[in-house]
Each structure stands twice: as C-alpha cells, then as structure tokens.
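In what follows, a structure is listed as structure tokens, so that the remarks can point back to it.
Sequence lines set the chain letters: A, B, ... in the order given, protein chains first and strands last, and positions in each chain run from 1.
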Amino acid sequence: MKYVDEYRDSNLASRIASEIARLSDGRQLKFMEVCGGHTHTIYKHGIEDILPPNIDLIHGPGCPVCVLPMGRVDDAIAIAHTDNVIFTTFGDMMRVPGSHGSLLDAKAEGADVRFVYSPLDALKLARQYPERQVVFFAIGFETTAPSTAVTLLRARAEKVKNFSIFCNHVTIIPAIKAILDSPDLRLDGFVGPGHVTMVIGLRPYTFIAQQHRKPIVVAGFEPLDIIQSVHMLVQQISSGRSEVENQYVRVVRPEGNVKALEAMAMTMELRPFFEWRGLGFITQSALKLRPEFAEWDAELRFEVPGLRVADPKACQCGEVLKGVIKPWECKVFGTACTPETPIGTCMVSPEGACAAYFSYGRFSMASERSRLKIAPVVQTQGM
Amino acid sequence: MELQSSQSDEVLAKIERSRQARRHKFYLRDEHVTLSHGSGGKATHNLIEGIFAPAFANVVLDRMEDAAQLTLGGLRLAFTTDSYVVNPLFFAGGDIGQLAVHGTINDLAMAGADPLYLSVGMILEEGFPMESLRRIVTSMAQAARDAGVLIVTGDTKVVQRGKADGIFINTAGVGTVRAAAELGQTQVRTGDRVLLSGAVGDHGVAIMLAREELDIETDVQSDSAPLHTLVASLLDNVGGAIHCFRDPTRGGIATALNEIALSAELSIALDEQAIPVHAGVRGACEILGLDPLTIANEGKLLAIVAPEAEQQALKVMRAHPLGKEAMVIGTVQAEPAGMVFLRTDIGGTRVLDMLVGDPLPRIC
C-alpha cells in the first residue's frame, strides 16, 4: 500500500540496523521514546529484534491514557452518572480503571457513555440531543488539544449550550523536564514525539540539547522512521553532538502548526499544577479552559469529587513511565495485571508500555528464539 | 533490550505460570455484563468458561466447537445456533438477514457438515418499518435458496419501543457431517500448515464504515458468504489431510488461531506478509489504529492441513470462487504451546494475542 509499504522495507531496516551497530560499536545506549505511539510501533513490528542488542529503548510517559491519575477517572465517572448526561470519550479511555471500576462498568450500570472518534462528533451529538447534556472527556497531549480547541470555538460560534468539556489535556515539555531531572535515570537521548511536534514545532526542545546536552530526534511512526531516528541519534553521539533534529520532515515543520497553537491559546490556559500518574504533581503541565469558556467547562458545570486517589500499592506504573524499571520487572505484571484485568493504566491503552509488552512483547519467547525460526512462508504462485 | 539470562528465566517462568493459569481457570470478576463480553475475544471466552460451560457441561458441549456433533440412529449430525444484532442493519455487501443465514451455515460447514435446515427466531421492536422487515426477510430467503438450505421453522416476538434495537435475529441449523470429516481443534498436529481462504477484515471494516460517524470512503464490502461448498470441495479432494476448519468471525484470525493453539496445546507461527488484506481495509485500519488480524470476517475460512497436502489444498481453494486469494499463512509448531506469533513485515517477531475489549461492537 502506498505511503505505508515504503516505510516497512525489511532489507532497508536491517541495513540501517547494521550501520547503527557499526557506529555505536557495542556501546550501551539508552534512548527514550517519549511517545506512546512509538512504543506501539516498536512492539507491533518487533523493532527491538532488528536493532543491535546494545541499543536499549526506554518507553516514556507519552501515552495520555497512562499518565491520567485515578482521581480524574473517578471524576469522569461521576459526571457520566449525572442525570441526563451523555458522556463521550475516545475508545481507549473506556476500560481505564478508576478507584471503583471503569467507564465501561459505568455504562453497564446505566450511565450513557459513548465512544467517539473526535470531539466534533461529541458536539454533533449535542446538537442532535438538545435536551441532554453532552460532555466530552478531553485527554491527550498537544496532538489532540487543537481538536478540542476547535470544537470549543465551534460550540461558542454555534451557541451550543448543552455541551461541555472535561479537560485533561497535558503538555509534553514539563514531563520531559521532570524525567531529565529525575535522579534515578540515565538517558543518552530521546526519540521525539512526531505528532506533538507537528503542533508545537522544534523550538521547545532546545533546552534538551543545550542545557542537558542530550540529542533528540523527532520521529515518524512507521518502523523505518524509528530505526532511522535511532541511527540519527547514534550519529550525533558518535560525532559528539547534541542537537534537535527532525526525522519526520514529511509532516513536522520547524515552526509547528501556528493555527493550531492559536486555537489552543484562545481557548485554554496552563493549570498551575496537575497530577501525573506515577510522576506526581508537575507544575504548569496541563491545560484548562480559559475563563471566557467557563460555560463549556464540565468541571464548573458538574459536581466532581475532585479527590486525589492513591495508585494501587502493587502497581509500579510510575517507575515504568519514568523508565526506571521495565514492564516485566513490575511485581504484578502478567500475573494480577493483564490487559483483561488491568491494575495500572500502562496495561490498558494499547500505547501503554505494559500492554504493548504483554500483547506484542517478545520475552515470552526470548529464550525460545534461538531455536525458534519463523521462516517466511514460500508461495508457489503469486497472489 | 537484552535480558540477563537469570532474570529472563524468571520473567519467562512468571509469564508461563500466568498463561497456564489463564488457560485452565477463568476468573470472572466482573459484576455486570459489559460490551466486552460480547466481543468474541478474551472476555467472551471468560464469560463462557466462567458461567455457561460449567452450568451446561456435557460431553457434546465440552468439545467447544463451532457446531455440536451428534449421532442419531447412526447418522452424524451437526447442530448450531447464533444470534445477530448487527448495527447498522444494511451495509455494503450485505444485511442482517443474509448474515444470519450465512453465519449459521458457516458454523455447520466448519464441522464438515452439509447444511440442510435452519430455524429463524425474530425479535422485533415496536415501530420497526415493515419495509425494512420485508427487505431483510427477502434477503434471508434469497441467501437460503442460493445456499440450498431450507428455513423450516420460526418464531416471532415483538417488544416495546426502546427495548430492542429494531430487529434481532436468531438462527439455528442442522446438517449432516461428511463421512471423510474427522475435524476438530484437537486434531491439529505439529508441522501442519495454516491456510487462509482470502483477505481478512472486510466484514468488520464494512460495518464500521457503514456507521455514519466515520467519513471514510472506500470500496470495502462485507465478505458475507456461505462457505459450505468450499468446505465440501476441500473435503472431496484432500479429505483426510484436513485437520481443522475455523471461520474467523468476531475477533478475527488472531482470536480463531489463538483458540486453536490453546486447545491443541501447540504453537502457531504466522508470516504477516503472507496474510492477504485488501488495500481499503489496510488503509482504514491504519487510520483507526486497528489490526486487520483482529477484525471480523463472515466469508473466510482457516484450514489447518497436513504438510504434504498443503499445495493440493491451496490449489483446491484457489479454484473455488470464494478462495481465489487463498494463501498459506503459517505453520503449526510444538513450542511455545498455546501461543500464536507473527513474523512482522519488517522482519521482527511478536506475539499475536486474542482480541481484548472491543474496537467495534455489534458487528454480527
């Protein structure tokens, strides 16, 4: 298929991988892919099998579902249970556990929870059911925040009064700062988030290269994008550079998407602080609606408990998110915590490091691999 | 990311214990039925093993095949039932009525049976347009006629407005099992080949796109089709070499193959690049972040055949109108038992698990 197959060429992949091996010369290198979309690609295509063993990919906090604290899920469920509410959300939020069940459970108990592909679909529902209150559970980094912003602007322009947004948008830069300041972690560079950067541009990453002296390469989401980004990181390291580079030039412009940033600035402002699951409270790391949009702010329209709920003791999502431990090193991984019965959020979203590892992970056959050869199936006739 | 060998062993042991536990015990912790329980994936599996299987347990049911196998007066019969709640009722390539006929025919065919008679139960919602009902019934009659089966009994119930979604259909069917057929998941052997009759994901994607919330235009059509003549042709030509048939409906080939691997206690290794997927389906899946291997089909079959019959079976499949795009997609191995894995397009490997949760509810 055009625009896909080009980025999945296995010969090219192994050529770049051997070049990475040559350049890195056996040196142990740890790179963090910040974005959950990258984690998903890495496991879905088995990229770690292709990279040389001295390259270690650490899965960062870039899965918006995974960093949402339990208390916010409880708040969402409380809104969903309010009379006359249609509560809308992206599909992967449905199964995220709060302290008493998930939105899917709330739906089974009678709440009207529906999943949508875009906040504009939620706005459409509001127009369709003028007598109901339609709430959209907005989550995500700068990737999804612009669509929430555009929806808000449209709601105001069309004077849709029975629509509101439960805003949980977070911003990536403070999270990267928190990780760089974390004492228990040593990284050699970052694979930067392609979709976020498409919105915010390359400039916000300058501090990583200049103050922390770490290279960062903004990457696309196909297997070859990621392998090439690792190659670019290794090239920087081997020539002693630490720069912000853009591998995803077919999508990301250095200045970002000015219109999207404007829409966000018109509708949202920074919260003084926000809790991140596993990372704790990070200042100025999340967005809320501006006072001009108070009418569409679900947190003001509905009663929410607003309680902080401690993560389950056994769950080590925090350490996994910071890359301090690997998913399989968590005490409950694969035993009490599985994709069917997730304890931590990292197991829920397909972008979460634990779910990716559990579903696609290779370790269950790591020891088998030496004697386990999957030969390509030979066809006698073409399709 | 290489694991230290001691650590790696520990992790492997832990995962293996968990997988073993999952295989033999089913913890149904949910307090309510959720949509996941209807997905055909793991939650459905847990529901069946946790509630239905222990309550109804008997020698026939316990085989857990698509259709029950009965012997009555020396005659081997296959008997099955299925309910249809698809939304929307009409979609590219089919409708709920045709699906209700084809689905039950296919469940019988997978048991190696020639489908003969169907029953039809209708649950209608007050206010349902008579015109739509007529259209659905005409389509059912046509599908039955084309497949050479008779609808011989039926039932109708009407419920109050709001208590059902337009129309729900249940069909049950009986057929006679072909003499040559010694089929079943437990017949699968190490070294067997996995054949797939055509491209995957068409039905699920057609349904998804027929719902109005997505403005994606493609030419994807549901693959809904009766598979019994393809099965008959395979049994006539390569009979004894065929060990198992499955139609990969809800949960896609990922779920069907995992179920085979679990009950045969063997491993299945697939080659991702050999698995045919139509461009429209691939495109829609790329956009929506879905895996075509977990998406439903209604006119495809998986055949597990002895290695020496691989080419003959492939030839027979490709000679049939429903098997033109057939491919050999993988092999059965001894280890690691109970798992399906995939050689990826880019040359890596990964585990292919059953579908968890439900990306697209109510597809059939």
query: From B:Leu35 CG over to A:Lys107 NZ, what is the distance, rounded to the nearest 0.5 angstrom?
result: 5.0 Å
field: 4.5 Å side-chain heavy-atom contact, B:Glu286 and A:Glu222
entry: yes
message: Let me confirm one number: the NE2-CG distance from B:His32 to A:Leu104, rounded to the nearest 0.5 Å.
response: 11.0 Å
- request: Side-chain contact test, heavy atoms from C-beta onward, threshold under 4.5 Å: evaluate it for A:His45 versus B:Arg350 and give yes or no.
  value: no
- line: Nearest heavy-atom contact between B:Thr344 and A:Lys44 is CG2-O, 3.4 Å
field: Residue from A:Asn11, A:Asp9, A:Ile227 passing side chain to side chain contact (heavy atoms under 4.5 Å, CB included) with B:Ile346
entry: A:Ile227
- prompt: Looking at CD of A:Glu109 and OG1 of B:Thr34, how far apart are the two atoms once the value is rounded to the nearest 0.5 Å?
  reply: 11.0 Å
statement: Distance col, row B:Ser36:OG vs A:Met94:CE, nearest 0.5 angstrom, shows 8.5 Å
task: State, with a plain yes or no, whether a side-chain heavy atom of B:Asp345 is found less than 4.5 Å away from one of A:Ser10.
output: no
message: Does B:Glu31 have more than 12 heavy atoms from other residues, nucleotides or ligands lying within 6.0 Å of its CD?
response: no
- line: Cut-off 4.5 Å, heavy atoms of chain B, and the answer for A:Ile50 is side chain
